[in-house]
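Counting convention: from 1, in listed order, for ligands and their atoms alike. In what follows, every heavy atom counts, from backbone to side chain, and hydrogens, waters and symmetry copies are set aside.
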Amino acid sequence: MRYISTRGRAAELGFDDVLLAGLATDGGLYVPKTWPQFSSAEWAALAGLDYPSLAAAILAPFVKGSVVEAKIGELTRAAYGSFTHKAVAPLVQLETNLWTMELFHGPTIAFKDYALQLVGLLFDHVLKARGSRITVVGATSGDTGSAAIEACKDRAAVDIFIMHPAGRVSEVQRRQMTTVTSTNVHNIAVAGTFDDCQSLVKEMFADTRFRDELNLSAVNSINWARIMAQVVYYAWAALRLGAPHKEVAFAVPTGNFGNVFAGYVARKMGLPIAKFAVGSNRNDILTRYFETGAMTALGVVPTLSPSMDIQISSNFERLLFDAYGNDADAVTGLMDRFKQSGAYTVDAKVHAGILKTFTSTRVDDDGTKRVISETYKATGYVLDPHSAIGVAAAKAAKLAPETPVVALATAHPAKFPDAVEAAMGQRPALPPHLAGLLTRPERFTSLPNDLDQIKAYVRGHSRST
Ligand SMILES: *Cc1c(COP(=O)(O)O)cnc(C)c1O
């Protein structure tokens, strides 16, 4: 498989290079040159597979020609073998035609594990084949840091440095990072805010000499390999509910548009998906886009669903590229406009096409708490605040009553105990594999918000130099 950039000015690459590159050199995002297609008979033949085998079958065309091609079944088995539910991504029925899909049975109990556990193994395999190493640097305000650390810990060819704002992440989130004792994991508590951490990362990447010296790499959601791995659970759910013979729909709580874009890829590959119901919190740039056709950035406000407190949905660029018929110049024009003025408007015909596949709903904190409490009263099921927004989006979408809807549960309620307790009066317990989290010793280094000191620390502890 060959990959092209949404901006049309970067080299065409194979899977291994796309994995390591993350962002394309022209500022665009990589997408496959053509969408692999499975016929109805081929989908039907996949319906009986377990999750790792289904993953291997779906990912095979995307990694064709790569050094991981022959190993993909072994890698998906290693990635998902340690998940705490045998089904990996189990469906739970809430109403006659409404299910949740639990995407929180990985090590850090949020859906990012489903992509990052595999990406960590892919990194290691490709780097070993090339005899090279990388230094992963990242900033986190919550879920991504711990999922990336769990994915990269003990990988021989990877060193990982994650910066979090000292005193500004929740105790569970901090401990999920700082109690990992692997020698290739480096937690840095920066005396500053999340934005300070993020600009430190950007400045490290902008320093070409430093970047090349350390083989800097990123694991944020613009990496194609993360999207690819997320396609699998859409197929998994659809096949359980009657696809390819029956249409299904998905409801997805959305921030960066990465998760729901993976569903769109599953649809491109031939799965009969009627609709995607997108849910946003008060940071509703996407819902405003679906309502108006204009993408306009506003300031970020904190909410009960912090992993969706985002103002720029980076992965939307991949949808635009497809909706504009792979017109890289059109996409580049829109992205340049956004950079200059914080806004762009999608061509009316293209926008109308997008609305055939997507609907959107915004839910504020009161609405989020209401969905948690009403769902608990009606079914006994406990939703986390992000998953509650997915359920709200499913209900607001008003789909045909015969279409089964799957609302993606993106985090375990115990990851956000304060919000859940505020909504329903009870504090959810951590799952057994995290039971010792609050007493295990922590290991992190505190550093000032100072680029030179942080660079010196990374250089001194990375094995790439
Ligand atoms: C990251 C995250 C999201 C948002 O996912 P996107 O791919 O950015 O749309 C939603 N819920 C949880 C719990 C997350 O960690």
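Only one option out of Ile160, Thr179, Thr108 pairs with Ile149 in a side-chain contact (heavy atoms from CB on, under 4.5 Å); it is Ile160.
Nearest protein heavy-atom contact of atom 7 (O) of ligand 1 is Asn259 N, 2.9 Å. Atom 13 (C) of ligand 1 has Thr410 OG1, 3.4 Å as its closest protein atom, hydrogens excluded (heavy atom only). If you check which protein heavy atom lies closest to atom 3 (C) of ligand 1, you get Phe111 CE2, 3.6 Å. The protein heavy-atom contact nearest to atom 6 (P) of ligand 1 is Asn256 N, 3.6 Å.
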Next on the checklist: Would Phe316 and Tyr289 count as a ring pair (Phe, Tyr, Trp, His ring centres under 6.0 Å) here? Give the steps.
Outcome noted: CA-CA 11 Å; Phe316 195 75; Tyr289 161 73; 5.0 Å; yes
With side-chain contact (heavy atoms from CB on, under 4.5 Å) as the criterion, how do Phe276 and Tyr234 come out once you've worked through the C-alpha distance, each side chain's angles and the decisive distance to 0.1 Å? CA-CA 11 Å; Phe276 295 99; Tyr234 286 91; 4.2 Å; yes
Would Phe111 and Tyr114 count as a ring pair (Phe, Tyr, Trp, His ring centres under 6.0 Å) if you check the C-alpha gap in whole Å, the side-chain angles of each, and the deciding distance to 0.1 Å?
CA-CA 6 Å; Phe111 90 95; Tyr114 286 72; 8.0 Å; no
- Quick one: do Asp284 and Arg362 satisfy salt bridge (Lys or Arg N to Asp or Glu O under 4.0 Å)? Show the steps, please. CA-CA 6 Å; Asp284 60 349; Arg362 75 172 65 70; 2.5 Å; yes
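The ligand atoms of ligand 1 that sit less than 4.0 angstrom from a heavy atom of Asp143 are 13 (C), 14 (C), 15 (O). Listed by number with element, the atoms of ligand 1 under 4.0 Å from a non-hydrogen atom of Ala411 are 13 (C). Near Gly255, meaning under 4.0 Å from any of its heavy atoms, are these atoms of ligand 1: 4 (C), 6 (P), 8 (O), 9 (O). Within the listing of ligand 1, atoms 9 (O) sit less than 4.0 angstrom from a heavy atom of Thr254.
Using a 4.0 Å heavy-atom cutoff, Phe261 is absent from the residues neighbouring ligand 1.
For Trp224 (side chain) and Val18 (main-chain N/O), no donor-acceptor pair under 3.5 Å exists by modelled atom type.
Only backbone heavy atoms of Phe257 (N, CA, C or O) come within less than 4.0 Å of ligand 1; its side chain stays farther off. Of all the heavy atoms of Lys112, the ones lying under 4.0 Å from any atom of ligand 1 belong exclusively to the side chain.
The existence of a salt bridge linking Glu374 and Lys395 is excluded, since no basic side-chain nitrogen approaches an acidic carboxylate oxygen closer than 4.0 Å.
By the 3.5 Å distance cut-off applied to N or O atoms, Phe416 is not counted among the residues near ligand 1.
Asp365 and Thr368 are not linked by any side-chain donor-acceptor pair at a separation below 3.5 angstrom, with hydrogens and angles left out of the test.
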